[in-house]
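Written below as structure tokens is the structure these notes are about.
Excluded from the calculations below are hydrogen atoms, water molecules and symmetry mates; all remaining heavy atoms, backbone and side chain alike, are included.
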Amino acid sequence: MSIATTLPKKEVVKRLEKLGRKVVDEIEKGENPHIDIPVRSYANIKFTEGKLQLGEKVAKRYFFHVAHAKKFMQTMLIASFCKQLVEEGIHTSLRDMFYNLKRTLPNSKENTFDEQKESDPIVVDLEVALDLLREQLHLSADVRGRVVGEVVIEDRGDVIDWSKLGSGGWAIPSNVEEIKFKEVNASFILVVEKNAAFERLHEDKFWKKHNCILLTTQGQAARGARRLIQRLAFEFDLPVYVFTDSDPYGWYIYSVIKYGSMNLAHISDRLGTPSARFIGLTISDIDRFELQNWTIKAKEVDIKRAKEMLKYEWFQHKKWQNELKLMIKRGIKAELEALSGRGLRFVTETYLPTKIESRDFLP
């Protein structure tokens with residue numbers, strides 16, 4: 001079953017108020033107020049039960065501490081802002097929140113926030129500290145990802161048929177919790193990294209011919225896309241096949257969809273899809289499908305990344321070790337577009353049907 005991520009409004013407000021009361025109590029006792037935040041780093045990541053999870057290490061963020069004071073202030077500002085959002089029942093974007101809270105502190109030249117890259121990580125800190133999702137705090141990110149297929153949904157009262165949205169498909173919002181699935185007719189989900197590959201497969205009606213849901217993440221999968229994939233897989237028992245470039249970055253996109261990410265290990269159970277399988281592209285495919293003329297020389301950063309991934313516990317399967325070592329040895333990589341070298345419809349008529357029929361997947 002899918003992991004529920006809805007919480008009553010009262011519970012979200014209660015957790016925010018508890019944080020505020022704790023700080024006030026410490027001040028009244030003459031103590032240095034602090035916030036406990038689990039450490040989000042590779043050193044505090046565990047790979048258990050097929051997913052990435054946070055360990056037990058916790059950092060304390062103090063108010064009376066030169067290195068912590070500004071972040072402490074920023075954390076409380078955002079917590080207060082989110083409480084107001086939830087109580088008023090309105091949602092806003094991370095960008096809007098940044099501008100709403102950006103100001104110069106009285107009698108100083110110090111700003112609350114200078115750039116959005118300061119406020120975004122604080123939101124994740126709050127998620128971890130309060131065991132809440134950003135979406136439950138009524139915050140959303142930019143829309144990224146599209147999907148098409150024989151699926152009918154209800155979204156905020158509107159009934160939407162994914163099979164009748166023209167060439168664009170349905171744009172995946174950052175929050176998919178309130179979406180209701182009315183009809184789902186599919187045998188599997190095909191997740192495509194690249195927008196260009198999605199366009200090719202969509203125009204060729206691959207999703208209709210093979211009775212699947214076709215989804216593009218448009219690069220690293222956003223949280224809304226990852227949650228949508230998980231919901232479809234769990235709620236309708238659908239296999240998930242992931243189709244990315246043949247390079248360490250494409251392969252890592254797959255691992256994030258399957259196991260979760262290190263930065264968001266605290267919500268891997270709500271975003272990861274452990275049943276996902278990798279359908280390509282691999283270095284082995286270059287020889288199997290005669291793509292040698294369309295490979296790219298791997299850069300030093302690609303080789304370095306591949307060597308790092310060799311050590312990751314979630315890439316220890318023999319097949320993945322072989323692919324990573326093969327890439328390092330041959331010093332090459334390939335984009336999904338390389339398949340177009342064999343013909344524009346090669347991917348829809350030969351490559352993917354062959355891989356699916358032979359069940360040539362990586363775990």
Evaluate the ring planes of Tyr312 and Phe315, with Trp represented by its six-membered ring, and classify them as parallel (under 30°), tilted (30 to 60°) or perpendicular (over 60°).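 Tilted.
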Could you check whether the rings of Tyr259 and Phe47 sit parallel, tilted or perpendicular, using 30° and 60° as the cut-offs?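 Rings of Tyr259 and Phe47: perpendicular, as their planes differ by over 60°.
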Considering only heavy atoms from C-beta outward, does the side chain of [X] approach that of [Y] to under 4.5 Å?
{"X": "Arg226", "Y": "Ser261", "result": "yes"}
{"X": "Phe98", "Y": "Val123", "result": "no"}
{"X": "Asp245", "Y": "Leu281", "result": "no"}
{"X": "Thr92", "Y": "Leu139", "result": "yes"}
{"X": "Leu339", "Y": "Leu291", "result": "yes"}
{"X": "Lys46", "Y": "Glu56", "result": "yes"}
{"X": "Pro33", "Y": "Phe72", "result": "yes"}

Side-chain polar contacts of residues 205-213 - donor-acceptor pairs under 3.5 angstrom, sequence neighbours left out - could you list them?
{"residue": "Trp207", "atom": "NE1", "partner": "His202", "partner atom": "ND1", "Å": "3.1"}
{"residue": "Lys209", "atom": "NZ", "partner": "Asp204", "partner atom": "O", "Å": "3.2"}
{"residue": "Asn211", "atom": "ND2", "partner": "Ser187", "partner atom": "OG", "Å": "2.9"}

Between Ser284 and Glu323: side-chain donor-acceptor atoms closer than 3.5 Å: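 On atom types as modelled, these side chains qualify, holding a pair under 3.5 Å.
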Gln116 versus Arg95, side-chain donor and acceptor atoms under 3.5 Å: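 Side chains of Arg95 and Gln116: pair found under 3.5 Å.
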Could you list who else is in Val143's hydrophobic cluster, with ILVMFWY side chains joined at under 4.5 Å, directly or through other members?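 Under the 4.5 Å side-chain rule, Val143 groups with nothing.
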Other hydrophobic cluster members with Val66, side-chain heavy atoms of Ile/Leu/Val/Met/Phe/Trp/Tyr under 4.5 Å, chained?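 Joined to Val66, directly or through intermediates: none.
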Electrostatic pair [X]-[Y], nearest N-O below 4.0 angstrom:
{"X": "Glu127", "Y": "Arg223", "value": "yes"}
{"X": "Asp287", "Y": "Arg330", "value": "yes"}
{"X": "Asp125", "Y": "Arg61", "value": "yes"}
{"X": "Arg305", "Y": "Glu308", "value": "yes"}
{"X": "Lys304", "Y": "Glu300", "value": "no"}
{"X": "Asp360", "Y": "Lys319", "value": "no"}

Run through Phe188, Tyr351, Phe278 and flag the one making a ring pair (Phe, Tyr, Trp, His ring centres under 6.0 Å) with Phe243.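 For Phe243, the ring pair (Phe, Tyr, Trp, His ring centres under 6.0 Å) test succeeds with only one of Phe188, Tyr351, Phe278, which is Tyr351.
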Quick check on salt bridge (Lys or Arg N to Asp or Glu O under 4.0 Å): which of Lys109, Arg103, Lys70 does Asp114 satisfy it with?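 Result: among Lys109, Arg103, Lys70, Lys70 is the only option passing the salt bridge (Lys or Arg N to Asp or Glu O under 4.0 Å) with Asp114.
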Test salt bridge (charged side-chain N to carboxylate O under 4.0 Å, His left out) on Arg270 and Asp131; report intermediate values, then the result. CA-CA 12 Å; Arg270 307 176 218 194; Asp131 192 23; 3.0 Å; yes
Do Trp320 and Tyr254 make the cut of ring centroids closer than 6.0 angstrom?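 Between Tyr254 and Trp320, which both carry aromatic rings, the centre distance is below 6.0 Å.
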Would you confirm whether Gln230, through its side chain, and Gly272, through its main-chain N or O, come within 3.5 Å as a donor-acceptor pair?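 Checked: pair present.
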